[in-house]
There are 2 protein chains.
Amino acid sequence: MQEPPYHKSMELTERHPNRPGFRPLYQQVRELFLSRISSGAWRPAESLPSEQSLAAELGVSQGTVRKALDSLAADNLVERRQGKGTFVSQHTQESAKFRFFKLYHSTGEHALPMCKDAKAKRRRATANERAILNLASRADVFSIERTRFINDKPTLRELIAVPAALFPNLDLHQPIPNTLYTLYQSEYGVSIVGAIEKLRAVEANKEDARALKKSPGAPVLEVERIALDLDNRPVELRLSRFCTEGMHYLVELK
Amino acid sequence: MQEPPYHKSMELTERHPNRPGFRPLYQQVRELFLSRISSGAWRPAESLPSEQSLAAELGVSQGTVRKALDSLAADNLVERRQGKGTFVSQHTQESAKFRFFKLYHSTGEHALPMCKDAKAKRRRATANERAILNLASRADVFSIERTRFINDKPTLRELIAVPAALFPNLDLHQPIPNTLYTLYQSEYGVSIVGAIEKLRAVEANKEDARALKKSPGAPVLEVERIALDLDNRPVELRLSRFCTEGMHYLVELK
DNA sequence: GAGTGGTCTAGACCACGCA
DNA sequence: GCGTGGTCTAGACCACTCT
């Protein structure tokens, strides 16, 4: 029987099967890589070392590294390009929009919202925001209230709250860019990699009606989004309301 | 140089790289397996031959068969159980509900709709139904109109249309079961494996209002679902309308 | 041509389920 | 104890990108 050279090095846990806490090697490798991204050791758009060198570094086979990287790629955390290398995913204007903005025209065209100037304001977090964003009592948030336009028509009203501790001096960025997630990532190292959205049909209130030029009581689609970072922590709470005339929110179920 | 024993048998295309029409072996194997499920050669809940025997049959390595099966498992088309085997996925009451029914109570609990008796009626397809379901002019559909109850409260109104040609004598199934997709699969060999949903906030019309015990004009969430079978063909069109008081439609973005 | 990821193979051993 | 899928390794060759 040959002695398998199971990960002679590194902080990977001993691979003694039948022990509690045992996890497959490739999962441990995945988590190690994830922590390197999360900590900023590997930064967005940077290329990773090659599979061969990572395998050598960790004392595992290339196949195990590959399985870990494939799993990260499946979650959109890294991007693989044949012949070039593996890269930490970066939010571009395009990619962020398509992944998290599900509003489409009835024609099937993807809707592209723009926003005029909006300002971030610092204030105490509400009880609801503290509960959802996991904040201490008396914590502050930055709050952004804005109306976004599609084809120059006011279509979408957004109320956004993010922890002030995570995004220091967010109010100094004037004007707030159209695609917030690229700002979170480039300026604060916070990558939004997932979200949970709760949808409801509600009546437009007075502010909605004024901003969207509808009458109060008109049906609007309300989307409550909780955005999650690499460590699955909730880092943004966003309430959107919009009319769906000539539009729809698209969901693909698989 | 050794002569690799690349798939000596089978209908797999010759593996000569740099030729147009070249596809990785594991993708060809996946498609072969998919066609066996789609054609009914492998039926829901049945166990597949072991990886070893499939590899031997096709003249490929076990690793290639594994990669094909893993990809089918990722799409919920087969289910793998360590120590037991690989099985064609079957819609149970439970699995079908959780995959395609996204309505939750505000508490986070999954909502469980029930329906009292409903009947399927045969009629000419509308122009819209023909367009979406890809039907010839003058084709028939079975149409189901029903109201579903959550905690004995009328909550959800559904208008369903399916091609009559695909589901002969659907109207003879009385009463229509609560979970239609299990019926489609067990009685007609049609497996629903995906869906596209378009969501809009609209005003309740008179029928909605009467069925849901709301006033006309109340905001309701409208969901237009196109359900797809194994071959990605649209086989059901379903329009749902419901109030979202104390409830929400849940979407997870990744 | 060198270096990267992508495909394919072969074989060892582990974990699980069942008889 | 046997058969199944799951993990891990090792090595060959292909496809793509850049120099």
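Just so you know, these numbers use all the heavy atoms, side chains as well, and skip hydrogens, waters and symmetry mates. By convention in this document, chain letters (A, B, ...) are assigned in the order of the sequence lines, proteins followed by strands, and residues within each chain are numbered from 1.
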Rounded interatomic separation in angstrom, taking [atom1] from [X] and [atom2] from [N]:
{"X": "R30(A)", "N": "dC8(D)", "atom1": "CZ", "atom2": "P", "result": "14 Å"}
{"X": "E51(A)", "N": "dC8(D)", "atom1": "CD", "atom2": "C1'", "result": "15 Å"}
{"X": "Q62(A)", "N": "dC13(D)", "atom1": "CD", "atom2": "C1'", "result": "12 Å"}
{"X": "E46(A)", "N": "dT4(C)", "atom1": "CD", "atom2": "P", "result": "16 Å"}
{"X": "L25(B)", "N": "dA10(C)", "atom1": "CG", "atom2": "P", "result": "12 Å"}
{"X": "Q52(A)", "N": "dA2(C)", "atom1": "CD", "atom2": "P", "result": "16 Å"}
{"X": "L48(A)", "N": "dT4(C)", "atom1": "CG", "atom2": "P", "result": "12 Å"}
{"X": "F87(A)", "N": "dG3(C)", "atom1": "CZ", "atom2": "P", "result": "16 Å"}

By nearest atom, which of the nucleotides [options] is closest to the [X] side chain?
{"X": "P24(B)", "options": "dC8(C), dT9(D), dT4(C)", "answer": "dC8(C)"}
{"X": "S61(A)", "options": "dC18(D), dT4(D), dC8(D)", "answer": "dC8(D)"}
{"X": "Q82(B)", "options": "dC18(D), dC8(D), dC16(C)", "answer": "dC16(C)"}

Hey, does the side chain of [X] come within less than 4.0 Å of [N]'s phosphate (OP1/OP2), counting only N and O?
{"X": "T64(A)", "N": "dC8(D)", "result": "no"}
{"X": "T86(B)", "N": "dG5(D)", "result": "yes"}
{"X": "Y26(B)", "N": "dT7(C)", "result": "yes"}
{"X": "K84(B)", "N": "dG3(D)", "result": "no"}
{"X": "K67(B)", "N": "dT7(C)", "result": "yes"}

- Task: For the residue pair I150(B) and L103(B), establish whether any side-chain heavy-atom pair is separated by less than 4.5 Å.
- Result: yes
- Applying ring pair (Phe, Tyr, Trp, His ring centres under 6.0 Å), name anything that partners Y181(A), two or more places apart in sequence or on another chain. F100(A), Y184(A)
- Within residues 69-80 of chain A, the residues having a heavy atom closer than 4.0 Å to DNA chain C are R80(A)
- Message: Tell me whether the NZ or CZ atom of R80(A) lies within the 45° cone about the ring axis of F87(A) and under 6.0 Å from its centre.
- Response: no
- Lys/Arg cation over aromatic Y249(A): K102(A), 6.0 Å, 45° cone: no
- Residue pair R23(B) / Q28(B): nearest heavy atoms and the distance that separates them: O-NE2, 2.7 Å
- Message: Is it the case that the base of dG6(D) and the side chain of R66(B) share a donor-acceptor contact (distance under 3.5 Å, atom types as modelled)?
- Response: yes
- Query: Within the distance-only criterion (no hydrogens, no angle test), does the side chain of R148(B) pair as donor or acceptor with the backbone N or O of N178(B) below 3.5 angstrom?
  - Reply: yes
- Message: Between H110(A) (side chain only) and F101(A) (backbone N and O only), is there a donor and an acceptor less than 3.5 Å apart?
- Response: yes
